Amino acid sequence: MGRTEDPFSEKILAHLNTLDSNIVAIYADGHGSKLPAEINNWRGEYIFCFRSHFILSEKLLAQASVAAINFHPAPPNYRGTGCVNWALYERTETYGTTAHLMTKKIDSGSILNVRRFPISTRDTLQTVLTKTYEHSVFQAKAVIDSVTLGGPAGVQRLIQQASSECWAGKVRTMSELEALYQIPDTADDAEVARIVRATKIGKWAPFRLRDGKKLYL
């Protein structure tokens, strides 16, 4: 399960297609994307989610006989939505990616692997996102190879290898991320710079409210 028009999702699919397996590829178009009804009849060994917006039911997760694995675009101490945004806002010096088993609770399943990389003061939201997806592709290929070759034993081996890793911090919500985009009237220049660095990318930009109107920076 990946994301429409995403070159990184295509790299994962290309890797999966090199395996001696029957692959079903489903791509999400954006937040709120609905799974096709026929997926409810699917049965298989693995579910792999990469940058997917789909919300999977506990029943569907259980239909993967070996493992349902998500490639979370953040280290374990950043959970939920807008992880890169919050990491930049908080001026963290290290970021990363996490492969983990999926459960009904978001970003809570057993951790299989964590990759970390440094963030410099020169990094922008775009550069950190690109680094994140590149590391996540590398991580996904390695984890997929390990679990598909090793089966349940391979999954347990990864869990043991990552036993020192654990989830931490609150699960951030979309409403919290949206609130980050609004620059408070009390914000000084340093605070404005922090918000801009954490939120400005492409068509997205932080804003101030004036007379009920949004003034974008």
Side-chain angles (χ1 to χ4, degrees), residues 1-6 8-9 26-35 49-61 68-109 111 114 119 123-133 136 166-217:
M1 296 183 180
R3 185 177 298 195
T4 302
E5 298 182 354
D6 172 42
F8 300 103
S9 294
I26 305 172
Y27 283 2
D29 293 323
H31 289 287
S33 294
K34 302 295 184 182
L35 283 165
C49 287
F50 185 90
R51 300 200 67 205
S52 173
H53 292 295
F54 294 126
I55 302 298
L56 308 189
S57 68
E58 194 171 6
K59 177 183 176 183
L60 180 57
L61 293 176
I69 297 172
N70 182 51
F71 299 100
H72 177 59
N77 55 314
Y78 285 98
R79 305 162 68 197
T81 301
C83 298
V84 176
N85 307 88
W86 289 110
L88 287 174
Y89 178 73
E90 294 170 0
R91 297 172 178 167
T92 185
E93 295 179 353
T94 304
Y95 198 64
T97 60
T98 305
H100 67 96
L101 297 182
M102 300 175 70
T103 66
K104 64 180 181 180
K105 293 180 64 177
I106 294 175
D107 299 340
S108 299
I111 294 173
V114 179
I119 296 178
D123 272 313
T124 65
L125 180 52
Q126 182 61 69
T127 63
V128 176
L129 282 172
T130 299
K131 290 179 184 179
T132 299
Y133 301 143
S136 193
C166 59
W167 295 106
K170 64 181 296 187
V171 177
R172 301 279 190 174
T173 65
M174 180 60 74
S175 60
E176 288 177 299
L177 177 60
E178 291 171 350
L180 179 63
Y181 274 77
Q182 182 175 342
I183 299 173
D185 291 336
T186 55
D188 59 18
D189 290 346
E191 176 67 2
V192 171
R194 286 177 68 188
I195 295 173
V196 169
R197 181 178 182 236
T199 60
K200 191 172 180 63
I201 183 172
K203 65 179 181 180
W204 305 103
F207 63 89
R208 292 184 185 274
L209 273 183
R210 289 292 182 272
D211 299 323
K213 296 181 180 180
K214 294 181 179 179
L215 301 180
Y216 292 93
L217 273 66

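From a predicted model like this one, the values you see are computed outputs, not experimental measurements.
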On a heavy-atom basis, which atom in [X] and which in [Y] lie closest, and how many Å separate them?
X	Y	result
Met174	Thr81	CE-CG2, 3.7 Å
Ser108	Thr103	CB-OG1, 4.1 Å
Ala187	Val192	CB-CG2, 4.0 Å
Tyr95	Ala74	OH-CB, 3.1 Å

Open item on the list: When you compare the side chain of Pro76 with that of Ile111, does any pair of heavy atoms fall below 4.5 Å?
Closed with: yes
Open item on the list: In the structure I gave you, are the side-chain heavy atoms of Tyr89 and Ile195 within less than 4.5 Å of one another anywhere?
Closed with: yes
Task: By ring pair (Phe, Tyr, Trp, His ring centres under 6.0 Å) - contacts of Tyr181 (at least two apart) - done: none
Open item on the list: Set out, in order, the CA-CA distance, both residues' side-chain angles and the distance that settles side chain to side chain donor-acceptor pair (under 3.5 Å) for Ser33 and Asp29, then state yes or no.
Closed with: CA-CA 6 Å; Ser33 294; Asp29 293 323; 5.2 Å; no
Task: Residues forming a salt bridge (charged side-chain N to carboxylate O under 4.0 Å, His left out) with Arg51, sequence neighbours excluded - done: Asp6
TODO: Could you tell me which residues satisfy salt bridge (charged side-chain N to carboxylate O under 4.0 Å, His left out) with Arg194, sequence neighbours excluded, listed by chain and number?
DONE: Glu191
TODO: Rounded to the nearest 0.5 Å, what's the gap from CD1 on Ile201 to CD on Gln126? Could you check?
DONE: 4.0 Å
Open item on the list: So, using side chain to side chain contact (heavy atoms under 4.5 Å, CB included) as the criterion, who are the partners of Leu61 when residues are at least two apart?
Closed with: Leu56, Ala68, Met102
- [ ] Only counting residues at least two apart or in another chain, list the ones meeting side chain to side chain contact (heavy atoms under 4.5 Å, CB included) with Lys170.
- [x] Arg172, Glu176
- [ ] Report the relative orientation of the aromatic rings in His100 and Trp167; use parallel for angles under 30°, tilted for 30 to 60°, perpendicular for over 60°.
- [x] perpendicular
For residues 204-217, tabulate all N or O donor-acceptor pairs below 3.5 Å that involve a side-chain atom, not counting sequence neighbours.
residue: Arg208; atom: NH1; partner: Pro184; partner atom: O; Å: 3.4
residue: Arg210; atom: NH1; partner: Asp185; partner atom: OD1; Å: 2.9

Open item on the list: Looking at Asp123 and Arg197, is there a salt bridge between them, counting it only when a charged N and a carboxylate O are closer than 4.0 Å?
Closed with: no
Task: Pair Asn85-Thr199, side-chain donor/acceptor within less than 3.5 Å - done: no
